[in-house]
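Single-structure report; data block below.
Predicted, not measured: the structure shown is a model, and the values here were computed from it. Throughout, protein chains are lettered first and strands after them, A, B, ... in sequence-line order, and every chain is numbered starting at 1.
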Amino acid sequence: MKKWRTWLIVLGFLGVLVGLYLIGWKVLHNKAALLQAHMHIPRPRPEPVMIFHVRGREIPIVNTVFSSFLAMVVLVILAGLVSRGLSRIPEEERIRRPRGWQNLVEWAVEYVINLLEGAAGRARFKKRPLGRMIFPLVGTLFVFIIFANWFSLLPGFSTILVKAPEAVPATAGEAHAEATESGEGTHAEPFGLVWLLGREQPGEAVPLLRAPNSHLAVTAGMAIVAIVTVQGLAIAAHGPIGYLKHLATDAPIWMRFIMFPIHVVSELSRVISLSARLFGNLYGGDVLLAVIFNLVGIALPAIFFGIEAFFYYIQALLFSVLTTVYIVLAVGGAHAEEHAH
Amino acid sequence: MDVKFAAALAMGIGSIGPALGIGMAVARAMEAIGRNPEAAGPIQGVMIVGIGLAEAVAIYAFVIALAIIFT
């Protein structure tokens with residue numbers, strides 16, 4: 001009897017989904033033109049687009065940077081609001097207990113601390129537990145990444161369009177000449193630089209907000225901070241000479257000449273792997289959502305929003321846990337050596 | 001058109017390896033959890049990190065595919 005009811009609920013759910021899909025399909029086919037006008041999602045490109053200038057034309061602002069600053073401002077305001085009437089538990093347990101938002105934030109902070117301490121294990125840096133020591137940096141990275149990622153799932157991201165500033169008249173003619181010459185115009189700039197600096201689309205409608213981490217420069221900045229911390233802590237733990245020895249491993253002497261460059265390259269490639277992973281996932285998620293929106297446009301995208309929310313959480317987790325693991329690997333070597341000698 | 005085909009090939013071939021790797025990682029993790037259910041938490045954490053490392057290869061393929069399409 002109970003089994004039947006479960007199956008009925010599942011079937012009803014599927015029926016509702018299929019019905020919504022059919023309605024969406026029908027609407028899409030009947031009013032394709034109307035929907036194209038109203039629901040057209042601009043096709044995302046990997047390069048962020050410049051949306052306005054600060055100080056005349058000196059500092060161009062691209063949309064990902066604008067939305068990352070927006071995310072930071074919202075985070076700071078939320079933190080200020082939450083930390084206004086904090087209650088301290090051990091001393092005032094009878095009088096005040098954490099209420100409302102404080103509970104949530106304490107839970108989140110505890111979650112991140114447990115995560116980092118679990119990843120760091122029993123590693124220590126100068127007799128202090130490593131997980132708790134690096135929490136301010138890696139925890140901040142985690143909070144910013146996950147907040148910026150989930151922030152970018154809100155409605156309005158990459159759908160609100162603004163008019164990009166017009167080109168400077170003097171260079172407009174040149175740009176136009178280039179565009180007619182090469183046929184495509186915006187592709188004239190060297191590859192890679194555009195991904196980092198953003199693209200100019202003078203006078204066109206461009207999205208005002210975009211996922212901050214779908215900009216290679218944003219993720220590369222965070223990855224560089226993480227890797228510089230790793231190298232700095234490694235040098236602080238081993239000393240400069242010990243650090244070079246650590247890179248050269250304990251192999252026989254002729255082998256060390258081969259191992260040393262390999263290890264240097266592998267240390268440097270972590271910047272690329274950390275930043276490209278986050279960037280690729282965020283940009284891929286953007287493309288996936290746009291494709292699904294253009295495909296069905298009703299009901300189905302909701303499921304993909306859920307999937308993307310999970311993926312974004314995993315990416316934030318990975319970034320912080322991998323940073324922790326790199327730090328533990330770099331610092332933990334000294335620990336092992338101390339015991340060996 | 002042929003350029004887009006190259007991007008599709010890069011993504012398709014490039015995602016075979018990570019798919020196999022992630023499948024093996026999850027299979028072994030499930031085996032381990034089945035043998036020792038109490039260690040499910042740590043195993044899951046390590047598994048997710050491993051999956052992320054394997055997935056990075058597919059992401060490189062994706063970035064290369066983007067580079068092929070958009071340049």
Handout entry: Closest non-hydrogen atom pair between B/G52 and A/R277, with its separation
Key = O-NE, 3.4 Å
Exercise for the section: Specify which of A/G284, A/G118, A/G280 makes the most heavy-atom pairs with chain B at under 4.5 Å. Expected result: A/G280
Problem - A/F311 atom CZ, over 12 foreign heavy atoms within 6.0 Å - result: no
Practice task
Measure distances from B/I51 to the heavy atoms of chain A and classify the residue's part below 4.5 Å as side chain, backbone, both or neither.
Solution key: neither
Exercise for the section: Report the distance from atom CG of A/L318 to atom CD of B/E55, rounding to the nearest 0.5 Å. Expected result: 7.0 Å
Completion exercise
d(A/S273 OG, B/L53 CG) to nearest 0.5 Å is 7.5 Å
Problem - Candidate list A/V321, A/T324, A/L317, test side chain to side chain contact (heavy atoms under 4.5 Å, CB included), partner B/V49, passing option - result: A/V321
